[in-house]
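For the numbers below, each heavy atom of this structure counts, side chains included, while hydrogens, waters and symmetry mates do not. One is the number of the first residue; the rest follow in order along the sequence. In listed order, ligands and their atoms are each counted from 1.
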Amino acid sequence: MRLKYDVDTKILFQIGDPLDQCCATYLHNALYEFCNVNAVNLSVPVPKGGLGDFVKAAKVIGAAGFDLTMPHKSAIIPFLDECDPASRAFKCVNHVKIREGKLIGVGLDGAGMGLSLQYEQGDIGGRHALMIGAGAVAGPIAADLCARGVKKFTIVNRTVEKAKYIADTLREIYGADTTYGPFTEEYLSQTAPDITLAVQCTCLGGGSHWQEFPHLGFVDLLPKECIAADVLYPTTTFLEAAKSRGLPTVSGKGMLYQQQLAMMEFYFGVKLGPDALAEAIEALEVAIALRGVRNERRAELASMSR
Ligand SMILES: NC(=O)c1ccc[n+]([C@@H]2O[C@H](COP(=O)([O-])OP(=O)(O)OC[C@H]3O[C@@H](n4cnc5c(N)ncnc54)[C@H](OP(=O)(O)O)[C@@H]3O)[C@@H](O)[C@H]2O)c1
């Protein structure tokens, strides 16, 4: 544990509202310590509409940056001096660094999945990607895949206009070859034989709810070399179907860990190798456990005061 902070300590924040379910502050502080970076991260609830005041205050105190969760991920965009085109287009910025009074924003969800795929499966350039879902994480992931050499995309979604938006944006920014369609068994089956990377980006088929992923028949039509990836973890019905076909699979856990490494590089220029992954995994698990203890104590105190 760092025992003292001094005038050189960089101050960073995690902001959002509510922050009850967030544990990024524990995680970030553990990684700062692991990398011997003289910095501290503090959780600050900032309500909707409070972003302007927070930005002014952060500049006045010389903060080095802040990461954002709901409801600020897209509201921050007008305040930024610099932002990559994909994070701006998909309105998904979750980290901001402040340098010489300028706000530089980035979304790292996409990098998390791209780095995880690369780490677990090697070079993915030249593949034809099927993006299943077109919610907040799908666009940034597709953009990161583009940057890693994936130039052909099929995007499917229940709400087809959202798939169209991603397809149009990837074409405009990266010159990618894109097509889109409905999230139906028929469309998925028609597309499957050409796909060499399938990325499941909906909230279906995983987690404690195991909400049904309705169309799994297409998995049988994917080629043997197709990588099946999912934003959810530890496993999902999609990943299980892919595994039973013998396809290589990548769960969303790596996406979560790799974002932490990308975050250290973004804020501090610290490039961590794969050996740091174990540290990120441990830090995350400790962070989740500490969040559980904190929330239990809060609930206990609340029931005692009733
Ligand atoms: N591993 C990680 O590090 C990581 C990071 C971020 C997020 N995630 C996970 O990624 C998942 C998606 O996050 P998000 O922010 O993109 O969520 P989101 O913006 O709410 O998008 C949800 C997606 O799921 C689709 N969907 C939801 N219910 C459906 C249903 N009954 N039938 C068909 N499609 C349905 C939505 O389709 P419509 O557009 O038609 O509504 C949309 O494509 C979440 O479960 C989140 O926990 C993981």
Side-chain angles (χ1 to χ4, degrees), residues 14 16 21-24 27-28 67-74 86-87 89-95 106-120 129-145 153-169 180-188 198-218 228-239 249-263 277 280-281 283-285 287-288 291:
Q14 183 201 25
Q21 288 312 310
C22 293
C23 54
L27 181 56
H28 292 354
D67 55 271
L68 311 106
T69 185
M70 297 303 287
H72 304 309
K73 280 179 166 187
S74 58
S87 300
F90 295 121
K91 298 185 174 56
C92 194
V93 170
N94 52 8
H95 294 276
V106 74
L108 292 178
D109 285 336
M113 176 56 89
L115 287 166
S116 171
L117 276 165
Q118 195 174 300
Y119 177 66
E120 294 187 33
L130 170 67
M131 306 300 298
I132 306 167
V137 296
I141 290 174
D144 186 86
L145 298 182
F153 289 85
T154 299
I155 300 125
V156 301
N157 197 43
R158 177 177 63 176
T159 311
V160 179
E161 303 88 79
K162 285 162 72 179
K164 180 179 184 312
Y165 179 78
I166 296 179
D168 291 348
T169 306
Y180 61 91
F183 179 53
T184 60
E185 186 70 57
E186 193 189 1
Y187 188 76
L188 285 165
V199 190
Q200 198 303 110
C201 298
T202 74
C203 45
L204 306 174
S208 50
H209 323 296
W210 285 92
Q211 195 186 343
E212 192 91 358
F213 186 94
H215 315 298
L216 283 172
F218 78 99
D230 206 308
V231 294
L232 306 179
Y233 56 86
T235 191
T236 66
T237 49
F238 169 65
L239 289 178
T249 59
V250 174
S251 89
K253 212 161 192 177
M255 170 177 172
L256 197 57
Y257 302 146
Q258 292 284 356
Q259 277 181 68
Q260 307 314 315
L261 307 194
M263 177 273 293
L277 211 53
I281 292 169
L284 182 66
E285 277 160 14
I288 291 169
R291 176 183 66 189

Could you pull out the N/O contacts under 3.5 angstrom between ligand 1 and the surrounding protein atoms?
from     : atom 1 : to     : atom 2 : distance (Å)
ligand 1 : 1 (N)  : Val231 : O      : 2.9
ligand 1 : 1 (N)  : Gly252 : O      : 3.0
ligand 1 : 3 (O)  : Gln259 : NE2    : 3.2
ligand 1 : 16 (O) : Ala136 : N      : 2.9
ligand 1 : 16 (O) : Val137 : N      : 3.0
ligand 1 : 19 (O) : Ala136 : N      : 2.9
ligand 1 : 31 (N) : Arg158 : NH1    : 3.3
ligand 1 : 37 (O) : Asn157 : OD1    : 3.3
ligand 1 : 39 (O) : Asn157 : ND2    : 2.8
ligand 1 : 39 (O) : Lys162 : NZ     : 2.6
ligand 1 : 40 (O) : Arg158 : NE     : 3.1
ligand 1 : 40 (O) : Thr159 : N      : 3.0
ligand 1 : 40 (O) : Thr159 : OG1    : 2.5
ligand 1 : 41 (O) : Arg158 : NH2    : 2.9
ligand 1 : 43 (O) : Ala134 : N      : 3.0
ligand 1 : 43 (O) : Gly135 : N      : 3.3
ligand 1 : 43 (O) : Asn157 : OD1    : 2.7

query: Which distance, rounded to the nearest 0.5 Å, do you find between the NE2 of His95 and the NZ of Lys73?
result: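 Rounded to the nearest 0.5 Å, the NE2-NZ separation comes out at 8.5 Å.
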- prompt: So how far is it from Ile141 CD1 to Asp109 CG, rounded to the nearest 0.5 Å?
  reply: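 Rounded to the nearest 0.5 Å, the CD1-CG separation comes out at 7.0 Å.
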query: Under 6.0 Å from the CD atom of Glu186, do we count more than 12 heavy atoms belonging to anything else shown?
result: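 For Glu186, atom CD is not crowded (no more than 12 foreign heavy atoms under 6.0 Å).
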- request: For a side-chain contact (heavy atoms from CB on, under 4.5 Å) with Ile132, tell me which candidate from Val231, Thr154, Val156 qualifies.
  value: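 The passing option is Val156.
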His72: side chain to side chain donor-acceptor pair (under 3.5 Å) partners, not counting sequence neighbours: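 Side chain to side chain donor-acceptor pair (under 3.5 Å) check on His72 returns nothing, list empty.
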- prompt: Where does the angle between the aromatic ring planes of Phe183 and Phe213 fall among parallel (under 30°), tilted (30 to 60°) and perpendicular (over 60°)?
  reply: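 Answer is perpendicular, since the angle exceeds 60°.
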